[in-house]
Structure formats: structure tokens, C-alpha cells
Amino acid sequence: MIQKCHVASNFMLEGIPPYNFELSVHAPCGYHWMTPSEVYSNNVIWTAAPLSSAGAVGLKLEFVGSVHKPVVSLTVFSRRKLASDEKSKLLKNVERALGLRGDVSEFYKMAETHPVLKQAVTDLYGMRGSWGFDVFDRAIVALTSQNAPMNRTRQMINAIIGTYGETAEFDDHAIQTWPLPQTIVEVDAQELKERCKLGYRAAYLKDLAKAVVDGACPDLEELEKMGPDQAKKLLTGLKGIGQYSAEIVSPHPGFPLDIWSIRLFTKIFMPEKSWSSLAEAMKVMRKYAENEWGRWRDYVFTYIINDLENLSRKLGLKLGLTVAEVLEET
DNA sequence: GCGTCCAGGTCTACC
DNA sequence: GGTAGACCTGGACGC
């Protein structure tokens, strides 16, 4: 559905330094920040998000501060004036996705203790690792990442957005964004499977949409209020969401190891160890991440993944997995 | 052009 | 609690 968004509201968002806007919102980990069709140019990003009550809203974010005094000017374009609760939820979700209020000084101090982390922090100074608008789009990314190489994940995501997504027309841009869960609930599972090439994931996606609509799956704000364990337990209780997906969806720190990232992390942090099985490596690496980096383990994950090329070049690490190689391999 | 193999997370059945 | 096999699809590869 196309929403012509004429009504504009402005907000100024201040962050905790250091903050690098481009590194944080421009294709983090080779993916989108909010939606795949967003446009980034010279410290401005045009993107969109789906609001269940008001449809797609256009978002223009312009970085008007500096790394040491970060300020983002946000303009929200909607088809009608947003109610105060809609505005409040939208602002919370955008601020969370920007990671503006996150203080990373403790992480940077911790990173001093390991040469690889130290280098990654130097290369990506001020980057945040947050992304996504709410629980449903994060869950779609998690579901389509299961059992699929990156190219196929992109293909499924593009088909879902292209077929059932919302489009916001604003400020000379037309940005496609995620479908509302209410839309997916109404779609026949077989149609979803065939049109979006989802395979067995179609049933999971439909169940998940129903869970979001019914309230069985809370939004990110509610998940944030829960403890990390409670949020994870709730998410893994949903059909199609296992440990990996729960760590992608949950707003709490996680370490979403998959088949190729486990090779990468064990190579960097446990190069001397040999493994009897992949399952063993996963278990040990997860425990290591929790013990060594605690609440910062998601930052370790994001910084390493985003800095593969630099780390290979500057530290002479034979990771065998630059971004290009990972994309090629997957 | 056709057939085969591979990638990858979760669920289910079974031990 | 641990593990094997099935679930889907597109792309790579060999013939």
C-alpha cells in the first residue's frame, strides 16, 4: 500500500558521544538499517517504518552534530497528524535503532585488552550496533536468515516487502518498508510460500504475525523491560524462533552465532583449539562471549563483523573471510 | 539443459 | 539431554 505522507513533524535527538552517524546507519554488516530500500547520502538517510495504526511513515534523518557532540535532526512524514502515543512509540523506536543514548565508553575500555578488538574500535570509532524498527521486522530478518545464504535471505526479504510491504512517499522519495503483521495474518500460508519463496518458513512467519497481533509476542519496548533471560525464553517459545533467532530479535545483548561466524570467532579468539563438532564450538564460543564480554558481547560481534577487511589487512590476520568473501561464500 | 549437491537454523522423533 | 533427519529453495557445478 502506498502512503502519500504530507504531514511533517520535526525532532532534534541528542546522543552520547562518541557517535558516528554514517557507520551506524549506512549499511551496517552489509544490511539495511531500517529497511532495504532506504537511501543514504552525505549524512542524510531517507527511510521508512510501518506503524500499525497509521501505516507507513517516512523518516528523514540528518546528522547535524559531530562525533563528539552528536545531534540528529529527524523529520517524520505521515499521511495524517500522529497522536501523541504514536509519536512517542515512533521516537523511542528510532532512538533505539540509532543507539544514540548508548554509552559505549565501558566497551571501548574493555576493547583495549585484546589487539583485534582494539583495532576494530579504532577503525569503527563511534559506531553503534543497533538496527531495525520493531519486533516484527527483526523477526522477519531472523526467520529468513535461517538455513539460507545471504543472497537467498535478501531475495526472500525483497519478495516479502515487494509483495506485502508498505510504501511511504515523502520528500521526493518512495521508500518501501516492512509489511504490517496484520497484513501477513490475512495472507494464505501457501500464497506466502509461493510468492515469497519462503519454503517451510512461510508457516513460521504467519504464526509469528499472529503472535504479534494477539500480543503473545510483545514489542521491543516490552521485551526491553523484561530481563534478558525472560525475553529469550518468551521468544524461543514462539514457533520457528530458536536460540539464534531469539538473539537477533531480542533488544538485549546477544551473540547470534551461525555456521560461518563460528568459524570466524573461533579463529580469532581460540586459534589454538580444535573441535570435535560444530555444536561443541558453538557452545564453548557462546559461553566464552558471555563470560569475557558480558553485556558488550553484541558490540564485539558487530565490530568484528563490520571490520573484517581492515582486520585482515592491518593485523595480517588470515581470516579467509573478508566481507566480499563472506558474501561470495554464502 | 538436466541432475546432483550444498548452504543453513529449527523442529520433531527417537534413543 | 543429546542427536539424526527432514524441511525449502536457488545457485554452483559436472556432465
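Lettering follows sequence order; numbering is per chain, from 1.
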Give a yes/no on whether any side-chain N or O of A/S245 is located under 4.0 angstrom from OP1 or OP2 of B/dT10.
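The answer is yes; a side-chain N or O of A/S245 sits under 4.0 Å from OP1 or OP2.
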
Per the ring-ring contact (aromatic ring centres under 6.0 Å, His included) rule, what does the pair list look like for residues 231-257 of chain A, sequence neighbours excluded?
A/F255-A/F265, A/F255-A/W293, A/F255-A/F301

Could you list all the ring-ring contact (aromatic ring centres under 6.0 Å, His included) pairs where at least one residue sits in residues 118-138 of chain A, not counting sequence neighbours?
A/Y108-A/Y125

Could you state the [atom1]-[atom2] distance from [X] to [N], rounded to the nearest angstrom?
X	N	atom1	atom2	result
A/R152	B/dG9	CZ	P	14 Å
A/Q146	C/dT9	CD	C1'	14 Å
A/I262	B/dA7	CD1	C1'	17 Å
A/D207	C/dC7	CG	C1'	15 Å
A/M156	C/dG11	CE	P	11 Å
A/I248	B/dG9	CD1	C1'	10 Å
A/M150	C/dT9	CE	P	22 Å
A/L257	B/dT10	CG	C1'	16 Å

Nucleotide N/O of nucleotides 2-5 of chain C paired with protein N/O under 3.5 Å:
none

Qualifying residues under side chain to side chain contact (heavy atoms under 4.5 Å, CB included), relative to A/K109, sequence neighbours excluded:
none

Show me the side-chain donor-acceptor pairs of residues 171-178 of chain A shorter than 3.5 Å, one per line, residues at least two apart or across chains.
residue	atom	partner	partner atom	Å
A/D171	OD2	A/W46	NE1	2.7
A/H173	ND1	A/D171	O	2.9
A/T177	OG1	A/A48	O	3.2
A/W178	NE1	A/M34	O	2.9

Could you work out, with salt bridge (Lys or Arg N to Asp or Glu O under 4.0 Å) as the rule, every residue matching A/E86, not counting sequence neighbours?
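Here the qualifying residues are A/R80.
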
Near DNA chain B, which residues from residues 194-206 of chain A have a heavy atom under 4.0 Å away?
A/Y200, A/R201, A/Y204

Nucleic acid contacts - residues 232-239 of chain A versus DNA chain B, non-hydrogen atoms under 4.0 Å:
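Within residues 232-239 of chain A, the residues near DNA chain B are A/L238, A/K239.
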
Linking directly or through intermediates, with side-chain heavy atoms under 4.5 Å: list the remaining ILVMFWY members grouped with A/V185, chain and number order.
A/V213

Tracing side-chain links under 4.5 Å among I, L, V, M, F, W and Y, which residues wind up in one group with A/V71?
A/M12, A/V64

Cationic tip of A/R128 above A/F21 ring, under 6.0 Å, 45° of axis:
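Geometry flag: not set, cation outside 6.0 Å or 45°.
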
With the threshold set at 4.0 Å, does a side-chain nitrogen-carboxylate oxygen contact exist between A/K89 and A/D219?
yes

List in chain and number order the residues that pass ring pair (Phe, Tyr, Trp, His ring centres under 6.0 Å) with A/Y19, two or more places apart in sequence or in another chain; answer none if no residue qualifies.
none

Closest approach to the side chain of A/Q155, judged atom by atom: which nucleotide of C/dC8, C/dG10, B/dT10 is it?
C/dG10

Report, one line per pair, each donor and acceptor closer than 3.5 Å where one atom sits in a side chain of residues 112-119 of chain A; sequence neighbours left out.
residue	atom	partner	partner atom	Å
A/T113	OG1	A/M110	O	2.6
A/H114	ND1	A/V116	N	3.1
A/Q119	NE2	A/D123	OD1	3.0
A/Q119	NE2	A/D123	OD2	3.4

